[in-house]
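Naming: A, B, ... by sequence-line order, numbering from 1 per chain. Values in this document were obtained by computation on a predicted structure and should not be read as measured data.
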Amino acid sequence: MENREIARMFSDIADILEIKEDNVFKIRAYRKAALNLDGLTRDLAELSHKELLEIPGVGADLAAKIEEYLQTGAMALHDKLKEEIPAGVFTLLAVPDLGPKTAKAIYDGLQVTSLEELERAANEHRLIGIRGIQQKTEENILRGIASVKRGRERQPLGHMLPAALDLVAALKSRAPLERIEIAGSIRRRVDCVKDIDIVATSPDPERVMDAFVNLPQVQTITMRGPTRASVAIREGVQVDLRVVEAESFGAALAYLTGSKPHNVRLREMAVKRGMKINEYGIFRDEDNERLGGANEEDVYRLLGLPFVPPELREDRGEIEAALAGALPQLVTLADIRGDLHVHSKWSDGAHSIAALAEAARQRGLRYLAVTDHSQGLAVARGLTAERLREQALEIEAWNREHKDFRVLHGTEMDIQNDGSLDFPDEVLKKLDIVVASIHSGFAHDRERMTARIVAAMRNPWVSIIAHPTGRLIGEREAYQVDMEQVLQVAGETGTALEINCYPLRLDLNDRYARRAKELGVTVAINTDTHASLQFDTLSYGVSVAQRGWLEKSDVLNALELPELLKRLAAKRKRAGNP
DNA sequence: GCCGTTTTCGGCCCGACTGTTTTCAGTCG
């Protein structure tokens, strides 16, 4: 997947052009294209010239640069610009509040080309005197360097959403609030987020600001004005709070929810219709008359659009779909009928099958599949074929006793290094469902990894591929795999792909989920529960599905039990097995 | 550099806060 690499190159070009004080709109064009490439569901290498031009923000010139890179492995403009400006200069841009102008001035004045040199220069007070820098700015730069060193850029949604909810609760208990919402990428349910945005209304904004910057979670106050404040909480996570008038709440919420490219599109549409959108509302140009803004719906209504759910706001086609009245009816948590990937005490889970079934039923589910690990995964106490037979007896007995909930018998079977499976077909055919996945040999090359997964999908008894890319957010990159091929074969063979709900996995991610839908591949939203409390992570997987535009009909475990069983049987039949 | 329900040329989203200014530039979201 060269998308990310090319996006990064465009972003580098934008940075350098900014330092060189080139045309701001040209810079913006490179940034916009970089963002859009990052959000693409397809590999650039697979797209025709015509398809490249259809990418928003990519015209003849940038399409040529993409093709140049795909064909030669290099981009002449990128290389040339990097020669002009030492690489270290734009590493300075990583420092908060230090932008291109300051980076250039510091480089011109002191030839500083790395963070270490910058830190030394600041400690020796050599920055003072450079255009626009006095003591305060120098101190801020030192603080900024410290925060860069602390690192931890983005954190998983599974950590940040609870932290945000915690802040909201704390704020509510300490200041008078009317409305308060978490906005930003958390509200869009992006799987990995950088900061926390909160928007609120209050009869006493001043007190809210006071309470906010004095919250026990707060470590440093970055900025504090009458309507806006910014702080850092533990682990250096930035939290922004905006307090607005009630008549502006919806506009502010929309603005702070983003995404930025989505907002830019809305504002452009407003301009064309003789209106202006900002965080205070939506206004008529001619007389500055307020047309709306108290509620988020106003913004969309006044542009002639249906409400666009936050999960879709990425400028990945949602505005066009809204204009055409073709927004998807997104799958919801309430649509989920069961969980098809669950571990019990039989392998590495914490709870009995009975306890798991009860916990699932309490959450409104109607079935679950017990899919303990297979024998090859010894560290997880994987089951042999014989233990699997014993387990079947326990499940049969439980089902005989309970008529309002169904436990399916399955396995999470290892796909071995050579692409073979951990159980023979004779074992698999006795199970209700077979989940296959990779737990070892992550370092194999792309061809081999792809071949392993494809081979598993071609087995008629394999129902679902679990956590198809193997990533662990912040801990382990996805293994090298040709996901386009995996998705294609999933479609051909009628194999479902999983969105794993574990907050560090969320695998498939939103983009692959969207591509799955495009290819007609069914997706299963599974918790991979190892302890009954983990059923609560279902909402994270549903969010990924929503960001992937999935509807109820795209989701395997949104089916009622009889339809699910039919669907599972369909692949076996297609392969000529009863 | 991109783009077209006023346009193939002339536009291109909008505002808060800080630090350094004595009216505003830089940065960020």
**Request:** Please check the phosphate of dG15(B) (OP1 and OP2 only) for any side-chain N or O of K276(A) closer than 4.0 Å.
**Result:** yes
**Message:** Please list all pairs meeting side-chain hydrogen bond (donor to acceptor under 3.5 Å, both in side chains) that have one or both residues in residues 121-130 of chain A, counting only residues at least two apart or in different chains.
**Reply:** E124(A)-R126(A), H125(A)-E138(A)
**Asked** How does protein reach along nucleotides 19-29 of chain B, written 5' to 3' as B (base within reach of a heavy atom under 4.0 Å), S (only sugar-phosphate), or - (no contact)?
**Response** SSS----SSSB
**Prompt:** Taking the six-membered ring of F307(A), is NZ or CZ of R313(A) closer than 6.0 Å to its centre and within 45° of its axis?
**Reply:** yes
**Request:** Rounded to the nearest 0.5 Å, what's the gap from OG on S259(A) to CZ on R187(A)? Could you check?
**Result:** 12.5 Å
**Complete:** Whole-Å distance, R28(A) CZ to dC2(B) C1', equals 12 Å
**Prompt:** Does N278(A) have a side-chain nitrogen or oxygen under 4.0 Å from the phosphate oxygens OP1 or OP2 of dG15(B)?
**Reply:** yes
**Request:** Report the distance from atom CD1 of I221(A) to atom C1' of dT18(B), rounded to the nearest whole Å.
**Result:** 15 Å
**Asked** How would nucleotides 5-10 of chain B be written as a contact map, 5' to 3', with B for base contact, S for sugar-phosphate-only contact and - for no contact, using protein heavy atoms under 4.0 Å?
**Response** ------
**Message:** Could you work out, with side-chain hydrogen bond (donor to acceptor under 3.5 Å, both in side chains) as the rule, every residue matching E21(A), not counting sequence neighbours?
**Reply:** none
**Asked** Between dG4(B) atom C1' and E268(A) atom CD, what is the distance in whole Å?
**Response** 12 Å
**Pairing partner of dT8(B) (Watson-Crick or G-U wobble, both distances under 3.5 Å)** = none
**Prompt:** Parallel under 30°, tilted from 30 to 60°, perpendicular over 60°: which one fits the rings of Y30(A) and F10(A)?
**Reply:** perpendicular
**Request:** Determine the contact category for R224(A): base if any of its heavy atoms lies under 4.0 Å from a base atom, sugar-phosphate if only primed atoms, P, OP1 or OP2 are that close, otherwise nothing.
**Result:** sugar-phosphate
**Item:** Distance, rounded to the nearest Å, where L53(A) contributes CG and dC3(B) contributes P
**Value:** 9 Å
**Request:** Taking side-chain hydrogen bond (donor to acceptor under 3.5 Å, both in side chains) as the test, write out the residues that go with S202(A), two or more places apart.
**Result:** none
**Item:** Rounded distance (Å) that lies between atom P of dG15(B) and atom OH of Y280(A)
**Value:** 9 Å
**Request:** Write down the distance between NZ (K32(A)) and P (dC13(B)), rounded to a whole number of angstrom.
**Result:** 8 Å
With a 3.5 Å cut-off and sequence neighbours excluded, list the donor-acceptor pairs that the side chains of residues 540-548 of chain A form with protein atoms.
unit_1	atom_1	unit_2	atom_2	d
S543(A)	OG	S539(A)	O	3.1
Q546(A)	NE2	V331(A)	O	2.9
R547(A)	NE	D510(A)	OD2	3.0
R547(A)	NH1	R188(A)	O	3.1
R547(A)	NH1	E314(A)	OE2	2.9
R547(A)	NH2	E314(A)	OE2	3.3
R547(A)	NH2	D510(A)	OD2	2.9

**Whole-Å gap separating C1' (dC12(B)) and CG (N23(A))** = 10 Å
**Whole-Å gap separating P (dG1(B)) and NZ (K26(A))** = 4 Å
